[in-house]
S.K.: 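Pasting a structure here, questions to come.
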Amino acid sequence: MKQRTLSSFMLLCLLIFTFIVLTGTVAGQSSTNFPTRVAAGAGLENGTPLDDIEDLVLTEINRWRLSRNLVPFARHSVLDQLAENQAQYVMAFRWFTDGMDFHQDAYGGGVVNRLSSAGWPSYEIDNHIIGGENAAFYVTVDGAINFWKGSRRHRENVENNTYREIGVAAYAFRNNILVYTVFASRPNTIPIVVDADRGWAYISLDNSYYADGFSPTYIGFYNDAGQRLHDQPWLVWSPRIRLPAGITENFVTLLTDGITTVRTDVDLNMSLLFPAETSPEDLQRVYSGEPVPTLIALEPLPTLPYEPTATPRGDDYQIVMTYSSDSFFMRNNSGEFLDVRPLSIRGNDRTVTTQYLARYSSIPVSTLPPNACLQAYSLALEKSLPPAPRTCATVLSVRSAVRPSERFWLTPMFEVYWNEDKIASCYAQDLTCSFDLPANSQE
């Protein structure tokens, strides 16, 4: 009986010793081996920064975003500082007093006020700043993440498709971890997130109500010397694209829709998809690739493939197309009724027929009247109907159910076909395209 009691006591001591060793060493481990279920703040002085935990929180949030088919977050130093400031304020004042608000600062304001005070850019419409904030006080990162997933308000912040950048701050406090995350977006900025392990770049888009609807069709990568890292002037845009060889720690991307070009300066260390799981070997693989032999300076900006569509002929063309980022119009400029049924437009990997454009017209496209127009635009981007040019005597049909990515007229070059014969090449940067129908087409 005594022997069994002694064995049990020794086993208990061994388990306690193992627990002490584990909790004593885990806090100093690298982020690549840091499990989400460890009590990282235990035994540490209040206010101790937990850089490994910050990386782990961002890793788990980005994994969460990808599971919801959302573009992951890029980290931003201004948002980091705002998260740190609020965490330090909360640790210093009114801890768990009645009515304590984790999101109210020393001046009684919220995160949007703090973003404004920090000079965070606003959108032109209503001078609007897009931002949000989450906070958690838990023993583990798992606990914090699960708390956010179980809370509608916090879950909506993480899954908000208009947020594209994040700041993270984590501190040891009262044997727990206090975590703050600040979410935001900037106008005319397209953050890039890099999966260094697989060599992928995730390209975000501004999906906010206040954005101008910029939807790129091409992208270019440049190293920190401003040299292009691919043979072609542009690569075809994709929400996820393979990184070219020769990427540097700081690099540049250009995105264009043929009319607007947006530049983004990328700090790779602030743009890692899974920072807690990215090893030095992963980064070395990204940096060590040999760039293409042809390197072209970033300035001036590369031009899109361009050729004159035709010798200008004034206003004599039978068909005139005009377009902008807002909408597309096709007008009968001939002064006669035209049969345009065989006409189609091919761009952005899709074909658009005149029958499609004229779906809501009471007049068939076999007898398109003089100066009558067919219109297309994206209701998802334009909340009101874009006005027609003065040259349009009437707009016979409006197609509004065009997805932002389907705006074929913003493809750098789209083509016009008569049945299976190409009759014109049109360029987005021209904002207009005029051409004649084939001879004898109206006979």
S.K.: Between Met91 and Asn46, is a side-chain contact (heavy atoms from CB on, under 4.5 Å) present by the stated rule, with each step listed?
M.R.: CA-CA 8 Å; Met91 287 188 291; Asn46 287 345; 5.8 Å; no
S.K.: Working to the nearest 0.5 Å, report the span between OH of Tyr218 and CG of Leu254.
M.R.: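 It comes to 15.0 Å.
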S.K.: Nearest 0.5 angstrom please: Tyr210 OH to His128 NE2, how far?
M.R.: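 Going from OH on Tyr210 over to NE2 on His128, the span is 4.0 Å.
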S.K.: Is NZ or CZ of Arg242 both nearer than 6.0 Å to the six-membered ring centre of Trp200 and within 45° of the ring axis?
M.R.: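 The answer is yes, since Arg242 meets both limits relative to Trp200.
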S.K.: Within a radius of less than 6.0 Å around OH of Tyr209, do more than 12 heavy atoms belonging to other residues, nucleotides or ligands occur?
M.R.: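 No - once you tally the heavy atoms of other residues, nucleotides and ligands closer than 6.0 Å, there are 12 at most.
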S.K.: Are any side-chain N or O atoms of Thr264 and backbone N or O atoms of Ile190, one a donor and one an acceptor, separated by less than 3.5 Å?
M.R.: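 Yes, because the side chain of Thr264 sits within donor-acceptor range (under 3.5 Å) of the backbone of Ile190.
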S.K.: So does Leu357 get a backbone contact from the side chain of Ser397, meaning a donor-acceptor N/O pair under 3.5 Å?
M.R.: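 Flag set: sc Ser397 to bb Leu357 pair under 3.5 Å.
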S.K.: Is Glu124 reaching over with its side chain to a backbone N or O of Pro187, donor-acceptor style, under 3.5 angstrom?
M.R.: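 Looks like no, no N/O pair under 3.5 Å.
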S.K.: Between Arg63 and Glu277, is there a side-chain N and carboxylate O pair less than 4.0 Å apart?
M.R.: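 A salt bridge is present here (some side-chain N lies under 4.0 Å from a carboxylate O).
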S.K.: Could you walk me through whether Glu133 and Arg114 pass the side-chain contact (heavy atoms from CB on, under 4.5 Å) check?
M.R.: CA-CA 11 Å; Glu133 180 180 76; Arg114 295 193 289 276; 2.6 Å; yes
S.K.: For atom CZ of Arg359, decide whether the heavy atoms of other residues, nucleotides or ligands shown that lie under 6.0 angstrom number more than 12.
M.R.: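 No, CZ of Arg359 has 12 or fewer neighbouring heavy atoms, counting only those of other groups under 6.0 Å.
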S.K.: Near Arg403 CZ, under 6.0 Å, is it more than 12 heavy atoms from other residues, nucleotides or ligands?
M.R.: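 Result for CZ/Arg403: open.
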S.K.: What verdict does the side-chain contact (heavy atoms from CB on, under 4.5 Å) test give for Ile247 and Asn223, after you've listed the backbone C-alpha separation in whole Å, the side-chain angles of each residue and the deciding distance to 0.1 Å?
M.R.: CA-CA 6 Å; Ile247 286 292; Asn223 64 16; over 6 Å; no
S.K.: Shortest non-hydrogen contact from Asp326 to Pro386?
M.R.: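 Shortest heavy-atom separation between Asp326 and Pro386 comes out as O-CG, 4.1 Å.
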S.K.: Compare all side-chain heavy atoms of Thr48 with those of Tyr171 and state whether any distance is below 4.5 angstrom.
M.R.: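 Side chain of Thr48 against side chain of Tyr171, heavy atoms only: no contact under 4.5 Å found.
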S.K.: So do the side chains of Val320 and Thr432 get within less than 4.5 Å of each other, counting heavy atoms only?
M.R.: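 In contact.
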S.K.: Using the side chain to side chain donor-acceptor pair (under 3.5 Å) criterion, which residues pair with Asn127? Sequence neighbours excluded.
M.R.: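 Side chain to side chain donor-acceptor pair (under 3.5 Å) list for Asn127, sorted by chain: Ser122.
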S.K.: Is there a side-chain contact between Asp195 and Leu243, using heavy atoms and a 4.5 Å cut-off?
M.R.: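 In short, these two side chains do not touch, never coming nearer than 4.5 Å.
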S.K.: Find out whether Ile319 and Val340 are in side-chain contact, i.e. whether some heavy atom of one side chain is under 4.5 Å from a heavy atom of the other.
M.R.: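 Yes. Closest side-chain heavy atoms under 4.5 Å.
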S.K.: Please report the interatomic distance CD(Glu84) to OG(Ser77), rounded to the nearest 0.5 Å.
M.R.: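 Separation between the atoms: 10.0 Å.
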S.K.: Checking Arg75 against Asp55 for the salt bridge (Lys or Arg N to Asp or Glu O under 4.0 Å) test, could you report, in this order, the C-alpha distance in whole Å, the side-chain angles of both residues, the deciding distance, and whether it holds?
M.R.: CA-CA 10 Å; Arg75 199 166 179 177; Asp55 287 345; 3.4 Å; yes
S.K.: When you measure from the side chain of Gln86 to the backbone N and O of Gln104, does any donor-acceptor pair fall under 3.5 Å?
M.R.: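 Answer holds: yes.
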S.K.: Less than 4.5 Å apart, any side-chain heavy atom of Phe183 and any of Asn160?
M.R.: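 The answer is no; the side chains never approach within 4.5 Å.
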S.K.: Are more than 12 heavy atoms, taken from residues, nucleotides or ligands other than Arg198, located less than 6.0 Å from that residue's CZ atom?
M.R.: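 At most 12 heavy atoms, drawn from other residues, nucleotides or ligands, come within 6.0 Å of this atom.
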S.K.: Is there a side-chain contact between Leu205 and Val71 (heavy atoms, below 4.5 Å)?
M.R.: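 In short, these two side chains do not touch, never coming nearer than 4.5 Å.
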S.K.: Counting only N and O atoms by type, is there a donor-acceptor contact under 3.5 Å from the side chain of Thr140 to the main-chain atoms of Gly143?
M.R.: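 Yes.
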S.K.: Show, in sequence, the C-alpha distance, side-chain angles and deciding distance for Ile130 and Tyr163, and conclude whether the side-chain contact (heavy atoms from CB on, under 4.5 Å) test is met.
M.R.: CA-CA 7 Å; Ile130 293 179; Tyr163 296 152; 3.5 Å; yes
S.K.: Between Asn332 and Leu368 (side chain of the first, backbone of the second, donor and acceptor by atom type, cut-off under 3.5 Å), is there such a pair?
M.R.: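 Such a contact is found between Asn332 side chain and Leu368 backbone.
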S.K.: Counting only N and O atoms by type, is there a donor-acceptor contact under 3.5 Å from the side chain of Ser185 to the main-chain atoms of Thr162?
M.R.: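 The answer is yes, because a donor-acceptor pair under 3.5 Å joins these two groups.
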S.K.: Any side-chain donor paired with an acceptor under 3.5 Å for Arg331 and Asn333?
M.R.: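 A donor-acceptor contact under 3.5 Å links the two side chains.
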S.K.: Kindly confirm or rule out a cation-pi arrangement of Arg186 over Tyr123, judged by NZ or CZ under 6.0 Å from the six-membered ring centre and within 45° of its axis?
M.R.: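 So Arg186 doesn't make the cation-pi contact.
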S.K.: Look at the side chain of Trp234 and the backbone N and O of Leu255, then say whether any donor-acceptor pair between them is shorter than 3.5 Å.
M.R.: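 Between the backbone of Leu255 and the side chain of Trp234 there is no qualifying donor-acceptor contact (under 3.5 Å).
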S.K.: Any side-chain donor paired with an acceptor under 3.5 Å for Asn113 and Ser116?
M.R.: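 Per modelled atom types, Asn113 and Ser116 side chains form no pair under 3.5 Å.
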S.K.: Would a 4.5 Å heavy-atom cut-off, applied to side chains only, mark Val193 and Pro72 as touching?
M.R.: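 They are in contact (side-chain heavy atoms under 4.5 Å apart), so the answer is yes.
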S.K.: Checking Asn134 against Asn157: is there a side-chain donor and acceptor pair closer than 3.5 Å?
M.R.: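 Result is yes, a qualifying pair exists.
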S.K.: Nearest 0.5 Å, what's the CG-CG distance between Asp197 and Asp282?
M.R.: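 Answer for the CG-CG pair, Asp197 versus Asp282, is 4.5 Å.
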S.K.: So Gln81 and Asn85, do their side chains get closer than 4.5 Å, heavy atoms only?
M.R.: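 Asn85 reaches Gln81 side chain to side chain.
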S.K.: Would the Phe328 and Phe408 ring centres measure less than 6.0 Å apart?
M.R.: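 Yes - the distance between ring centres of Phe328 and Phe408 falls below the 6.0 Å cut-off.
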S.K.: How many angstroms lie between atom OG of Ser425 and atom NZ of Lys422, to the nearest 0.5 angstrom?
M.R.: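 Between atom OG of Ser425 and atom NZ of Lys422 there are 3.5 Å.
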S.K.: With a cut-off of under 6.0 Å to the ring centre and 45° to the axis, is Arg346 in cation-pi contact with Phe414?
M.R.: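 No, cation not above the ring by the 6.0 Å, 45° rule.
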S.K.: When you measure from the side chain of Thr253 to the backbone of Phe221, do you find a donor-acceptor pair of N or O atoms at a distance under 3.5 Å?
M.R.: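 No.
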S.K.: Measure from the ring center of Phe329 to the ring center of Tyr323 and say whether it is less than 6.0 Å.
M.R.: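 That pair fails the under 6.0 Å test.
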S.K.: Which heavy atom of Ile345 sits nearest to which heavy atom of Met321, and what is that distance?
M.R.: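 Shortest heavy-atom contact: CD1-CE, 3.5 Å.
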S.K.: Just checking, Arg399 and Tyr356: is the charged tip under 6.0 Å from the six-membered ring centre and within 45° of the axis?
M.R.: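 That pair qualifies as a cation-pi contact.
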S.K.: Quick check: Tyr222 with Phe251 (ring centres under 6.0 Å apart)?
M.R.: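 No - the distance between ring centres of Phe251 and Tyr222 does not fall below the 6.0 Å cut-off.
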S.K.: Minimum heavy-atom separation for Val402 and Ala376, please, with both atom names.
M.R.: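 Minimum heavy-atom separation between Val402 and Ala376: CG2-CB, 4.4 Å.
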S.K.: If only atom types and distance count, is the side chain of Ser67 paired as donor or acceptor with the main-chain N or O of Trp64 below 3.5 Å?
M.R.: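 Yes.
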